[in-house]
Amino acid sequence: MKSALLSRFFILLPWILIVILMLDVDTRRPAPPLTPRPYSVPYAGGRGGARSPPRRGLPGRSAEPRNVSRPPPPAPPLPTIYAITPTYSRPVQKAELTRLANTFRQVAQLHWILVEDAAARSELVSRLLARAGLPSTHLHVPTPRRYKRPGLPRATEQRNAGLAWLRQRHRHSRAHPGVLFFADDDNTYSLELFQEMRTTRKVSVWPVGLVGGRRYERPLVENGRVVGWYTGWRGDRPFAIDMAGFAVSLQVILSNPKAVFKRRGSQPGMQESDFLKQITTVEELEPKANNCTKVLVWHTRTEKVNLANEPKYRLDTVNIEV
Ligand code: UGA
Ligand code: MN
């Protein structure tokens, strides 16, 4: 009886040992590192995104195993995105700028250049910018009265003021990498758009929704190159693209100091082409948004509000900013 028990014990013993060993190995496997989440999600292109901090040995613990990989080399700086927004006073202005601020605030390393079409900075815009929670520059320049007519291009002077500020700011230093785009205040921008434009080498392009008399306008791409335009309006434009459909690297802006928006001879809808012609060619354009097959920005154009019931003289003693 005793020997039968003993022989069973010796048969089971190796199995028990194997199970104990396996349990031990499992509990020693290191837990996955806790990676801090980046504060700003939109740019997850590998630079400036989430990286686990270099691990350090805890005091009193034995040294780390030798094969722990070294911390990665410092990431190259994240290019700054400069958004130039011309804006003018009207009932929907604050709503438009609030929508833009709410988007831009979520983008890492974005600098908002807001240019008022006005003789002075307004209190409404100053207050809004102060509370926007993002790096910004507040400029103003009035459009000369003779150009404030329907059928004439808009915001020429304001975009040029933004360009002049950028060139002035970087006149001495070797510029930190940057990308510029023209963010009109009546558009809606997806966060993905900023990931796309951030990698612009010279001039990049993408589709724009609700523009050109169609659901979208887009550059036509073949083998990674722009070969034409899908548009419902004046397909003969050299760059049949909306202001919201391209970005330019800061380097290109600085190395073409004379490239500006022109009043002379310019027609509405031709400003984009007139400007792009000065700095690039169609062959050189870098298609973004999956070879220009995704709409990431929309020309939403807030409806003009009907204020027919607005009293002529102020009847309310409370003065509320709208
Ligand atoms: C279209 C294009 O989308 C614009 O990029 C282009 O500048 C314009 O045509 C043009 O050809 O001039 P559209 O919707 O007709 O735009 O123009 P708005 O969106 O009313 O104006 C473009 C930008 O200029 C806006 O950010 C707007 O706030 C600003 N703006 C407009 C002024 O600063 N002053 C004005 O008197 C009018
Ligand atoms: Mn517009």
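Start at 1 and go down the list; that is how both ligands and their atoms are numbered.
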Quick one: look up the protein heavy atom nearest [atom] and list residue, atom name and how far away it is.
atom                    : result
atom 24 (O) of ligand 1 : A155 CB, 3.2 Å
atom 36 (O) of ligand 1 : K148 NZ, 2.8 Å
atom 30 (N) of ligand 1 : Y88 CD2, 3.4 Å
atom 19 (O) of ligand 1 : D186 OD2, 2.8 Å
atom 6 (C) of ligand 1  : R159 NH2, 4.0 Å

> Between T98 and L128, is any pair of side-chain heavy atoms under 4.5 Å apart?
Replying inline: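 SC-SC contact between T98 and L128 confirmed.
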> From atom 9 (O) of ligand 1, is the closest protein heavy-atom distance below 4.0 Å?
Replying inline: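 Protein heavy atom within 4.0 Å of atom 9 (O) of ligand 1: absent.
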>> Looking at every heavy atom in both A132 and R105, which two are closest together, and how far apart are they?
In response: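 What the structure gives for the nearest pair is O-NE, 2.7 Å.
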> Which atoms form the tightest heavy-atom contact between E217 and D242, and what is the distance?
Replying inline: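 Minimum heavy-atom contact is OE1-N, 3.6 Å.
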Under 4.0 Å from a heavy atom of [X]: give me the atoms of ligand 1 that qualify, with their elements.
X    : answer
D117 : 32 (C), 33 (O), 34 (N), 35 (C), 36 (O)
M243 : 5 (O)
G269 : 11 (O)
D242 : 2 (C), 3 (O)
Q271 : 7 (O), 10 (C), 12 (O)

> Side chains of E196 and S204: is there a donor and an acceptor less than 3.5 Å apart?
Replying inline: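 Side chains of E196 and S204: no pair found under 3.5 Å.
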> Taking atom CZ of R90 as the centre, does the number of heavy atoms from other residues, nucleotides or ligands within less than 6.0 Å exceed 12?
Replying inline: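 Yes.
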> Applying a 4.0 Å heavy-atom criterion (strictly less than), which segment of D185 is in contact with ligand 1: side chain, backbone, both, or neither?
Replying inline: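 The answer is both, backbone and side chain.
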>> Taking 4.0 Å as the limit for heavy-atom contacts, which would you say applies to D184 with ligand 1: side chain only, backbone only, both, or neither?
In response: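 Under 4.0 Å from ligand 1, D184 contributes backbone and side-chain atoms.
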>> Can you tell me how far apart OG1 (T87) and CG (L139) are? Round to the nearest 0.5 Å.
In response: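 Atom-to-atom, T87:OG1 and L139:CG are 12.5 Å apart.
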> By atom name, which N, O or S atom belonging to D186 lies closest to the Mn ion (ligand 2)?
Replying inline: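 Closest to the Mn ion (ligand 2) among those atoms: OD2.
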> Which N, O or S atom name in H299 marks its closest approach to the Mn ion (ligand 2)?
Replying inline: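 Per the distance ranking, H299 contributes NE2 as its closest N/O/S atom to the Mn ion (ligand 2).
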>> Tell me the nearest of R301, M270, R154 to atom 20 (O) of ligand 1, using heavy-atom distances.
In response: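 Considering heavy atoms of R301, M270, R154, the nearest to atom 20 (O) of ligand 1 sits in R154.
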Under a 3.5 Å distance rule, please check whether [X] uses its side chain to pair with a backbone N or O of [Y] as donor and acceptor.
X    : Y    : value
T85  : A183 : yes
T231 : W233 : yes
R234 : A240 : no

> Quick check: does D184 have an N/O/S atom under 2.8 Å of the Mn ion (ligand 2)?
Replying inline: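 Under 2.8 Å: D184 has no N, O or S contact with the Mn ion (ligand 2).
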> Does the N or O separation between P86 and ligand 1 drop below 3.5 Å for any pair?
Replying inline: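 It does: an N or O of P86 is found under 3.5 Å from an N or O of ligand 1.
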> In terms of ring plane angle, is the pair Y189 and F181 parallel, tilted or perpendicular, where the classes change at 30° and 60°?
Replying inline: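 The arrangement is perpendicular - the two ring planes meet at more than 60°.
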> Between H111 and Y82, how do the two ring planes meet: parallel, tilted or perpendicular, split at 30° and 60°?
Replying inline: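 Ring orientation of H111 relative to Y82: tilted.
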